Amino acid sequence: MVDPIETEAPDDSGSVTVRRFEYQIHISVQAVLEMLAGGTVIHVTCEHMEDITVARRGDPRCVDGVFWDFQQIKTRDAVEPWTLTDVFKSKPLKSLWRTHGTVAGTGLTYQLTAGLEGHLDPADDALVALSKGQGGDNAACRKRIATYLKVEEDALTDFLPLVRIRPLP
């Protein structure tokens with residue numbers, strides 16, 4: 001009989017996957033700690049619609065009570081700054097686009113956040129615009145995202161103002 005522990009695995013992707021989930025947990029714990037400390041966070045949900053969903057009270061953008069932040073968290077092994085092309089490769093915008101299609105028109109006040117492990121390339125104007133919530137105001141950004149998502153630019157009118165790219169430690 002062969003001991004399966006001594007058998008070479010066909011791949012070792014499991015440890016990489018676990019590390020990435022652990023990073024998501026670290027990010028979600030920040031919101032949970034804020035909630036437990038009596039901050040504005042009232043609810044944290046993981047792995048439903050997005051990696052992390054945080055509900056807050058008291059946000060100035062929200063007049064009806066609760067502000068929802070749907071977060072797609074991405075990690076990578078590279079140490080170079082993120083570019084918009086890198087963001088496209090890791091696909092958080094596709095997921096956020098799907099979530100937007102699900103919750104738009106439901107009466108929620110919300111934001112769509114792509115949290116990226118590492119820093120952003122300050123020379124990538126489109127990415128910097130997205131980090132400030134100004135992706136809809138940047139013609140090059142609108143065009144690139146429309147092409148990436150395979151939609152008309154007009155379809156992004158309500159989506160891009162809600163998108164934030166957030167660098168994470």
Side-chain angles (χ1 to χ4, degrees), residues 16-17 19-21 23-28 30-31 34 40-41 44-56 58-64 66-169:
V16 172
T17 302
R19 186 187 79 73
R20 298 202 190 292
F21 279 125
Y23 189 78
Q24 288 178 7
I25 290 167
H26 289 289
I27 299 304
S28 65
Q30 293 172 12
E34 183 181 337
T40 62
V41 174
V44 179
T45 302
C46 297
E47 298 300 333
H48 179 70
M49 294 176 72
E50 290 301 346
D51 294 331
I52 304 166
T53 302
V54 178
R56 294 181 179 276
D59 190 287
R61 294 169 284 192
C62 184
V63 294
D64 60 352
V66 180
F67 180 80
W68 298 86
D69 187 5
F70 297 97
Q71 301 177 15
Q72 182 62 211
I73 307 299
K74 294 298 178 187
T75 64
R76 64 182 187 161
D77 296 325
V79 295
E80 297 83 23
W82 286 84
T83 64
L84 188 53
T85 300
D86 297 327
V87 172
F88 289 162
K89 289 177 186 174
S90 68
K91 302 180 183 174
L93 295 177
K94 285 194 180 204
S95 184
L96 295 173
W97 175 251
R98 183 192 66 232
T99 295
H100 176 64
T102 301
V103 300
T106 62
L108 295 179
T109 304
Y110 64 96
Q111 175 173 291
L112 302 159
T113 301
L116 308 176
E117 178 186 28
H119 60 291
L120 308 180
D121 184 347
D124 190 325
D125 293 336
L127 187 63
V128 170
L130 284 169
S131 74
K132 296 177 180 178
Q134 300 168 350
D137 300 332
N138 183 301
C141 181
R142 277 193 320 272
K143 182 176 179 155
R144 288 182 67 191
I145 291 175
T147 300
Y148 171 71
L149 294 175
K150 298 177 182 156
V151 299
E152 296 294 324
E153 283 186 50
D154 291 349
L156 301 175
T157 301
D158 295 330
F159 174 69
L160 285 178
L162 301 172
V163 173
R164 299 292 184 281
I165 301 292
R166 183 175 150 213
L168 299 171

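If you're wondering where the values come from, they're calculated on a predicted model, not measured in any experiment. Residue numbers run from 1 in the order of the sequence given.
- Between Leu130 and Leu160 there is a side-chain heavy-atom pair separated by less than 4.5 Å.
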Could you walk me through whether Thr113 and Arg166 pass the side chain to side chain donor-acceptor pair (under 3.5 Å) check?
-> CA-CA 7 Å; Thr113 301; Arg166 183 175 150 213; over 6 Å; no
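- The backbone N or O of Ser90 sits less than 3.5 Å from a side-chain atom of Lys74, completing a donor-acceptor pair.
- Under the rule for a side-chain hydrogen bond (donor to acceptor under 3.5 Å, both in side chains), the partners of Arg144 that lie at least two apart in sequence or sit in another chain are Thr85.
- Between the CZ atom of Phe70 and the CG atom of Leu162 there is a distance of 10.5 Å, given to the nearest 0.5 Å.
- Residue pairs meeting the side-chain hydrogen bond (donor to acceptor under 3.5 Å, both in side chains) criterion with at least one partner in residues 115-133, sequence neighbours excluded, do not occur; the list is empty.
- Side-chain contact check for Leu120 versus Val128: every heavy-atom pair is 4.5 Å or farther apart.
- Every residue meeting the ring pair (Phe, Tyr, Trp, His ring centres under 6.0 Å) condition with Trp97, not counting sequence neighbours, appears here in chain and number order: Phe159.
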Apply side-chain contact (heavy atoms from CB on, under 4.5 Å) to the pair Asp158 and His100, showing each step before the final yes or no.
-> CA-CA 9 Å; Asp158 295 330; His100 176 64; 4.1 Å; yes
Stepwise side-chain contact (heavy atoms from CB on, under 4.5 Å) test for Val87 and Trp82 = CA-CA 7 Å; Val87 172; Trp82 286 84; 4.0 Å; yes
Candidate pair Leu116 and Leu168, rule side-chain contact (heavy atoms from CB on, under 4.5 Å), full reasoning = CA-CA 6 Å; Leu116 308 176; Leu168 299 171; over 6 Å; no
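- Once rounded to the nearest 0.5 Å, the distance linking CD1 of Ile27 with CD1 of Ile25 reads 11.0 Å.
- Here ring-ring contact (aromatic ring centres under 6.0 Å, His included) pairs that include residues 129-152, with residues two or more places apart or in two chains, are Phe88-Tyr148.
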Hey, can you pull the donor-acceptor pairs under 3.5 Å for the side chains in residues 44-55, sequence neighbours left out?
from  : atom 1 : to    : atom 2 : distance (Å)
Thr45 : OG1    : His43 : NE2    : 2.5
Glu50 : OE1    : Gln72 : NE2    : 2.3
Glu50 : OE1    : Ser95 : OG     : 2.8
Glu50 : OE2    : Ser95 : OG     : 3.0
Glu50 : OE2    : Thr99 : OG1    : 2.5
Asp51 : OD2    : Gln24 : NE2    : 3.3
Asp51 : OD2    : Ile73 : N      : 2.8

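- Rounding to the nearest 0.5 Å gives a distance of 4.5 Å between CD of Gln111 and CZ of Phe67.
- Minimum interatomic distance between Gly118 and Pro167 (heavy atoms only, all atoms of both residues): O-CB, 3.2 Å.
- Applying the salt bridge (Lys or Arg N to Asp or Glu O under 4.0 Å) test to residues at least two apart or on different chains, the pairs with a partner in residues 83-102 are Arg76-Asp86.
- Remark: the backbone N or O of Gly136 is paired with a side-chain donor or acceptor of Arg142 at under 3.5 angstrom.
- Taken to the nearest 0.5 Å, the CD1 atom of Ile145 stands 5.5 Å off from the CG atom of Leu84.
- Residues Val66 and Thr109 are not in side-chain contact: their nearest non-hydrogen atoms beyond the backbone lie 4.5 Å or more apart.
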